[in-house]
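In each ligand, atom 1 is the first atom listed, and ligand 1 is the first ligand listed. Hydrogens, waters and symmetry mates play no part in the numbers below; they use all other heavy atoms, side chains included.
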Amino acid sequence: MKKVTLMAIAILFSGASVFAANSSTMTSDTTKTKKVKPAKVQYTCSMHPEVLSDKPGKCPKCGMELVKKEPAKKKS
Ligand SMILES: [Zn+2]
């Protein structure tokens, strides 16, 4: 009978550890989401790269619709 109790405890423990792993994954996911700052989106004119705006609008130089500028893709 003692063995059965031991097994039950083992099953319970493994189940608990799986649950703990799951919740820790969820927690880290939440932290990750919180940690990752949304990249600052800037809008620029495709004809005038010097025109930068933090919100969509129109180019003051040519009136063209401003397009999103990806910070990662930097043209040098
Ligand atoms: Zn322009």
Side-chain angles (χ1 to χ4, degrees):
M1 282 303 260
K2 233 185 176 180
K3 267 185 187 172
V4 175
T5 317
L6 215 78
M7 257 179 78
I9 288 169
I11 288 163
L12 244 142
F13 187 76
S14 62
S17 61
V18 167
F19 180 78
N22 274 348
S23 60
S24 78
T25 312
M26 273 172 74
T27 313
S28 67
D29 267 3
T30 316
T31 328
K32 232 183 186 177
T33 318
K34 268 184 187 172
K35 257 186 190 174
V36 173
K37 271 186 187 175
K40 198 185 173 190
V41 179
Q42 280 195 309
Y43 293 85
T44 185
C45 175
S46 49
M47 302 300 285
H48 304 97
E50 72 269 21
V51 174
L52 284 171
S53 175
D54 54 353
K55 41 190 159 184
K58 282 182 179 177
C59 174
K61 293 192 179 181
C62 66
M64 261 179 74
E65 204 90 13
L66 297 181
V67 290
K68 256 187 203 174
K69 190 186 180 188
E70 305 291 334
K73 287 179 193 169
K74 252 191 174 176
K75 274 186 188 173
S76 55

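- Residues Lys58 and Glu65 meet the side-chain proximity criterion, which asks for heavy atoms closer than 4.5 Å.
- The NE2 atom of His48 sits 9.0 Å away from atom CE of Met64, with the distance rounded to the nearest 0.5 Å.
- Rounded to the nearest 0.5 angstrom, Leu52 CG and Tyr43 OH are separated by 12.5 Å.
- Here the closest non-hydrogen pair linking Pro60 and Val51 is CD-CG1, 3.7 Å.
- Around the Zn ion (ligand 1), protein N, O or S atoms at less than 2.8 Å comprise Cys45 SG, His48 ND1, Cys59 SG, Cys62 SG.
- Between Thr44 atom OG1 and Glu50 atom CD the span is 7.5 Å, to the nearest 0.5 Å.
- The CG atom of Leu66 sits 12.0 Å away from the NZ atom of Lys55 when rounded to the nearest 0.5 Å.
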